[in-house]
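Structure first, then comments.
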Amino acid sequence: MNEKPKTYDFKEREEHWRKFWEEKDVYRFDEDSKKPIYSVDTPPPYVSAEHLHTGHIMSYSQAEFIVRFKRMQGFNVYYPMGFDDNGLPTERFVEQKYEIDKSKITRKEFVELCLKETKLGSQNYRDLWRSLGISVDWSKTYSTINKLSQKIAQWSFLDLYKKGKIYKTKMPTLWCVHCQTAIAQADLEAEERKSKLNYIEVEVENGEKLTFATTRPELLPACMGISVHPDDKRYKRLIGKKAKLPLIGREVLIFGDETVDPKFGTGAAYFCSYGGAEDIEWLHRHPEVESFHILGPNGRFNELGGKYAGLKVSEAREKILADLKTSGALVKQEEIENVTYVHERCGTDVEYISTEQWFIKIVEAKDEFLKRGKELNWFPKKMYRIYEDWVKSLKWDWCISRQRYYGVPFPVWYCADCREIILPDKNDLPVDPTADKPKKGCLKCKSSKIKPETDVFDTWMTSSLTPLIGLRLVKEDLWEKLYPENLRPQAFEIIRTWLFYTVVKSYYHFKGLPFKDVMISGHGLDEKGRKISKRLGNYIIPDRIIEQFGADALRYWATGAKLGGNMRWNEDEVKKGKRTVTKLWNAARFVFDTVGSAIPATVPALEEADLWLLHNLNKTVHEATAYFEAYEYSLARNEIDDFFWKIFTDYYIEFVKHRVYGEDKKSKEVAAYTLYNAILTLVKLYAPIMPFITEEIYQEFFKERSKTESIHLSNWPETVKEWHYPEKKHREFQKVLSVIDAVRAYKTQNGISLGKEIEGFTTNKKLTSEEKEFIQKTQRVKRITCAK
RNA sequence: GGGCGCUUAGCUCAGUUGGCUAGAGCGACUGGUUUACACCCAGUAGGUCAUAGGUUCGAGUCCUAUAGCGCCCACCA
């Protein structure tokens with residue numbers, strides 16, 4: 001036997017096992033295996049270096065507990081890793097980091113910076129996942145900007161275009177004036193704000209005055225008309241008449257419109273191009289109104305804004321309100337709470353600007369998406385509600401074009417002469433239309449004058465294809481087996497984006513589901529229960545924690561919240577994890593130092609205490625397995641902890657010490673059998689949660705008797721028939737335990753060390769002579785007496 | 001405005017189909033060098049399970065209202 005180290009140096013040992021797993025390729029997906037496959041659609045994290053915090057640790061660990069469990073259950077686990085690096089999040093990150101002035105940098109230079117940051121960022125993640133012990137197959141990685149992802153995203157575009165699910169049109173769309181791009185409904189965030197409701201008076205052609213109320217007075221120059229409810233007695237007679245706008249002087253018509261709520265404000269509303277969705281709808285209902293737009297893509301009023309041209313929205317608001325006040329048209333202002341939509345990436349107020357964009361039809365198929373969503377297995381179940389609410393509230397088709405640089409380009413050219421759309425052959429993908437030329441010119445007019453589409457895809461256009469991208473990393477005959485995938489783990493905030501869009505794609509491309517089970521994790525919160533955010537600066541740096549307590553300890557913390565629940569940061573829980581690591585190590589060492597060479601190969605005749613222990617072990621295995629199956633890793637951990645701390649170490653190890661150090665060879669052998677199996681099973685049960693210490697113990701003590709290279713490739717424990725202990729006997733043993741507790745309490749309360757032998761102890765429980773003997777030996781009491 | 005969730009010991013949280021004399025860890029206090037472990041062990045104190053009703057032989061657990069907190073959703077300009 002080689003000499004065993006006295007203490008477990010987690011820093012040195014964890015690094016040792018990281019290297020070991022890499023060298024032995026323990027987590028490699030075996031493409032030739034006959035075992036059943038378990039595939040995971042791993043969330044590709046956004047690459048931006050400052051972002052890593054304990055929230056990420058929590059959600060990735062939680063998914064990984066399940067993955068490791070499945071691997072030990074005998075599945076051929078496919079667990080790739082992606083990095084989401086294209087799109088706005090990265091652009092914003094780069095802009096901020098380098099304080100970029102977009103007018104002073106070329107598109108090419110900018111993209112190069114993005115690529116550089118992307119590389120740095122993904123390396124950061126990689127390092128963190130590695131130190132955490134995330135068991136992905138690192139030979140199966142992708143990034144959402146790489147060639148493969150571009151190819152699949154562009155293929156998706158072509159396929160959906162062919163199927164009539166994609167269209168291009170000019171219409172008012174959600175627009176971010178800061179990022180200067182169109183965005184999608186899913187990119188919106190609602191913000192409740194206090195603002196002012198402004199009452200503005202106009203002059204009607206018959207000489208009457210009419211007052212309407214608005215929160216967006218700055219759009220006055222773009223007012224297209226005023227509406228009142230057609231049955232509103234106060235205003236009925238004004239319908240069809242003209243009103244003169246203050247400051248502007250232009251005349252607009254007064255309409256009857258049932259959507260106007262007579263109870264809000266004055267019961268009269270003005271409609272502009274565009275203050276919001278209701279304005280757009282209003283204009284749809286009134287095609288006779290010739291609309292024009294005063295807001296440019298940069299968020300400033302254009303020349304149609306008259307004297308307000310060149311002003312930003314907020315500046316114009318102030319100016320116009322001041323002018324209205326001076327002119328007397330602003331008759332009243334009142335405080336109001338309303339909801340404003342901002343772009344979730346930058347917090348800028350969203351505007352509606354009429355531009356030409358590409359869309360995927362999603363509104364028309366809401367019912368289908370609801371049905372598909374219901375077919376998924378949601379863990380926890382209630383998360384389906386978020387999906388359902390979202391799909392039901394869909395109002396706009398998915399705008400997939402972004403007027404940005406760093407993204408997957410549209411595989412589209414236009415004929416400069418006849419404006420026909422020219423698409424590449426799918427075998428030529430990926431293409432960059434700004435650099436590549438279509439093989440043939442325009443098929444319609446034969447012109448060879450070509451203009452490229454310069455927009456790039458919304459980042460979700462690519463991310464929604466991760467199940468497809470993932471399977472392309474393995475050989476082709478496995479593709480069918482990997483789709484749909486078994487598991488999609490993800491956070492709840494991106495149900496409306498990542499999850500929903502993936503379902504959309506899968507349905508439109510294949511009429512199927514992209515995965516079977518969905519595992520939704522909650523938020524990581526700071527120790528005060530607040531969301532972790534840049535603004536609060538309340539990040540906990542995972543590297544520091546791993547350095548200080550070890551990866552196992554940090555992972556242990558991640559078991560603390562039930563699936564889907566938010567979890568506070570709590571360093572005490574990490575410490576508890578570390579204590580568990582130490583305790584496991586010591587318990588294992590005890591077993592092997594004392595009985596390591598005395599373990600019988602077959603099941604011996606078990607004594608009462610052994611049966612009691614093994615029976616409890618059976619129960620623990622049974623329950624922990626069921627919990628893991630149900631994605632309830634936290635309840636599984638509770639079960640395992642209880643068994644380990646309370647039953648195994650606090651009682652059983654104390655029970656067998658006299659046997660282990662005693663002369664009775666037979667009895668020692670039976671104890672050895674029990675201890676060996678208990679430790680081996682425990683270590684396996686803990687393996688998904690704490691892969692390092694369990695590997696250490698496995699390699700140190702069990703490797704010789706086992707053929708598998710790593711504990712993580714060994715079999716998940718099962719219950720053992722021979723360990724069954726009738727419930728009645730189990731109850732009798734509880735009686736013995738209660739006497740033991742009484743002895744312990746007696747000693748403690750009298751300041752006597754538990755190790756010191758006492759002369760006698762009297763109990764009112766009835767005990768057999770074997771039971772008495774057991775208590776006497778294990779608790780160091782010379783004589784137990786039963787009171788009448 | 002609609003929906004969902006939470007409210008259990010000083011703190012962080014378990015409590016699965018109603019049976020608990022309500023649990024754990026941390027913290028507090030007391031005692032202890034048990035031939036694994038002081039990163040430990042034993043013990044003590046501490047809760048009318050947010051509030052008010054109801055169903056039931058029995059409710060932390062089910063129902064109804066109320067309050068506080070959190071989240072998701074929502075075009076009332």
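Numbered from 1 within each chain, the chains take letters A, B, ... in sequence-line order.
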- Query: Rounded to whole angstroms, how far apart are CH2 on A:W569 and P on B:C13?
  - Reply: 14 Å

- What interatomic distance, in whole Å, is found between C1' of B:A24 and the corresponding atom of B:C20? 15 Å

- Note on the structure: Of the candidates B:C73, B:A36, B:A77, the side chain of A:V260 sits closest to B:A77

- Query: For the side chain of A:L635, counting heavy atoms from C-beta on, which of B:A14, B:G5, B:C75 is nearest?
  - Reply: B:A14

- Atom CZ in A:R589, atom OH in A:Y8: separation rounded to 0.5 Å? 14.0 Å

- Item | Minimum-distance nucleotide (side-chain atoms of A:E192 versus B:A36, B:A74, B:U12) | B:A74

- Is A:G265 touching bases, backbone alone, or none of the nucleic acid, heavy atoms closer than 4.0 Å? nothing

- Please determine if a side-chain N or O atom of A:Y661 lies less than 4.0 Å away from the OP1 or OP2 oxygen of B:A36. yes

- Task: Could you check which of B:C26, B:A36, B:A74 has an atom nearest any side-chain atom of A:D572?
- Result: B:C26

- Query: Taking atom P of B:U16 as reference, at what distance in whole Å does atom CG of A:D642 sit?
  - Reply: 15 Å

- Can you say whether the rings of A:Y352 and A:W396 are parallel (under 30°), tilted (30 to 60°) or perpendicular (over 60°)? tilted

- Item | Distance, nearest 0.5 Å, that separates OG1 of A:T259 from CD of A:E281 | 8.5 Å

- Query: Is the shortest side-chain N/O distance from A:R385 to OP1 or OP2 of B:G3 below 4.0 Å?
  - Reply: no

- Message: By the 4.0 Å heavy-atom rule, please label A:D641 as base, sugar-phosphate, or nothing.
- Response: nothing

- Please state whether the phosphate of B:C75, meaning OP1 or OP2, lies under 4.0 angstrom from any side-chain nitrogen or oxygen of A:K395. yes

- Message: Any base atoms under 4.0 Å from A:D279, or only sugar-phosphate, or nothing? Heavy atoms, all strands.
- Response: nothing

- Item | Distance, C1' atom - from B:C11 to B:C73, rounded to whole angstrom | 34 Å

- Considering only heavy side-chain atoms of A:E278, the closest of B:C73, B:A77, B:A14 is B:A77

- Message: Checking side-chain polar atoms at under 3.5 Å, does A:D349 have a donor or acceptor matched by the opposite partner on A:T340?
- Response: no

- Task: In whole angstrom, give me the gap between the C1' atoms of B:U55 and B:U61.
- Result: 14 Å

- Task: Give a yes or no on whether the backbone of A:A184 and the side-chain of A:D187 come within a donor-acceptor separation of less than 3.5 Å.
- Result: yes

- Ignoring the backbone of A:K583, work out which of B:C13, B:C37, B:A77 is nearest its side chain. B:C37

- Quick one: label A:T582 by what it contacts on the DNA or RNA (base, sugar-phosphate, nothing), any heavy atom closer than 4.0 Å. base

- Within the structure, does a side-chain N or O atom of A:K657 lie under 4.0 Å from either OP1 or OP2 of B:U35? no

- Task: Classify the angle between the aromatic ring planes of A:Y501 and A:W398 as parallel (below 30°), tilted (30 to 60°) or perpendicular (above 60°).
- Result: parallel

- Message: Using a 4.0 Å heavy-atom cut-off, does A:K576 contact any base of the nucleic acid, only the sugar-phosphate backbone, or nothing at all?
- Response: sugar-phosphate

- Quick one: label A:V339 by what it contacts on the DNA or RNA (base, sugar-phosphate, nothing), any heavy atom closer than 4.0 Å. base

- Query: A:L197 near the nucleic acid: base, sugar-phosphate alone, or nothing, with a heavy-atom cut-off under 4.0 Å?
  - Reply: nothing

- Select one nucleotide: of B:A77, B:G5, B:G25, the one nearest the side-chain heavy atoms of A:R579. B:G25

- Message: Under 6.0 Å between ring centres: does that hold for A:F774 and A:F655?
- Response: yes

- Determine the contact category for A:R496: base if any of its heavy atoms lies under 4.0 Å from a base atom, sugar-phosphate if only primed atoms, P, OP1 or OP2 are that close, otherwise nothing. sugar-phosphate

- Rounded distance in Å - CZ (A:F590) to P (B:C39): 20 Å

- Message: I want to check one thing: is the phosphate of B:G32, taken as OP1 and OP2, less than 4.0 Å away from some side-chain N or O of A:T748?
- Response: no

- Item | Distance, rounded to the nearest Å, where A:E337 contributes CD and B:C75 contributes P | 18 Å

- Message: Under 4.0 Å, counting only non-hydrogen atoms across every strand here, what does A:K528 touch: a base, just sugar-phosphate, or nothing?
- Response: nothing

- Query: Side chain of A:E654: nearest nucleotide among B:A74, B:G25, B:C37?
  - Reply: B:C37

- Message: Within the 4.0 Å heavy-atom criterion, would you say A:Y746 contacts the bases, only the backbone, or no part of the nucleic acid?
- Response: nothing

- C1' spacing across the pair B:C72 / B:G53, given as an integer number of angstrom: 30 Å

- Take atom CD1 of A:I494 and atom P of B:C72, then tell me their distance rounded to the nearest Å. 14 Å

- Message: Any side-chain N or O of A:Q185 below 4.0 angstrom from OP1/OP2 of B:C73?
- Response: no

- Hey, does the side chain of A:K382 come within less than 4.0 Å of B:G3's phosphate (OP1/OP2), counting only N and O? no

- Query: Taking the side chain of A:F492 as its heavy atoms from C-beta onward, which of B:U44, B:C71, B:C73 lies nearest to it?
  - Reply: B:C71

- A:K562 side chain: which of B:G43, B:G15, B:C76 is closest? B:G15

- Query: Quantified in whole Å, what is the P atom distance between nucleotide B:C69 and nucleotide B:C62?
  - Reply: 24 Å

- Would you please classify the geometry between the A:W282 ring and the A:F271 ring as parallel, tilted or perpendicular, with 30° and 60° separating the classes? parallel

- Message: I need the OH-C1' distance between A:Y652 and B:C37, as an integer number of Å.
- Response: 18 Å

- Query: So what does A:W396 hit on the nucleic acid, given a heavy-atom distance under 4.0 Å: a base, only sugar-phosphate, or nothing?
  - Reply: nothing

- Using atom C1' of each nucleotide, how far apart are B:G15 and B:A22 to the nearest Å? 8 Å

- Message: At 4.0 Å (heavy atoms only), tell me whether A:S227 reaches a base, stays on the sugar-phosphate, or touches nothing.
- Response: nothing

- For A:A213, report the nucleic acid contact type (base, sugar-phosphate, nothing); a contact means any heavy atom under 4.0 Å. base

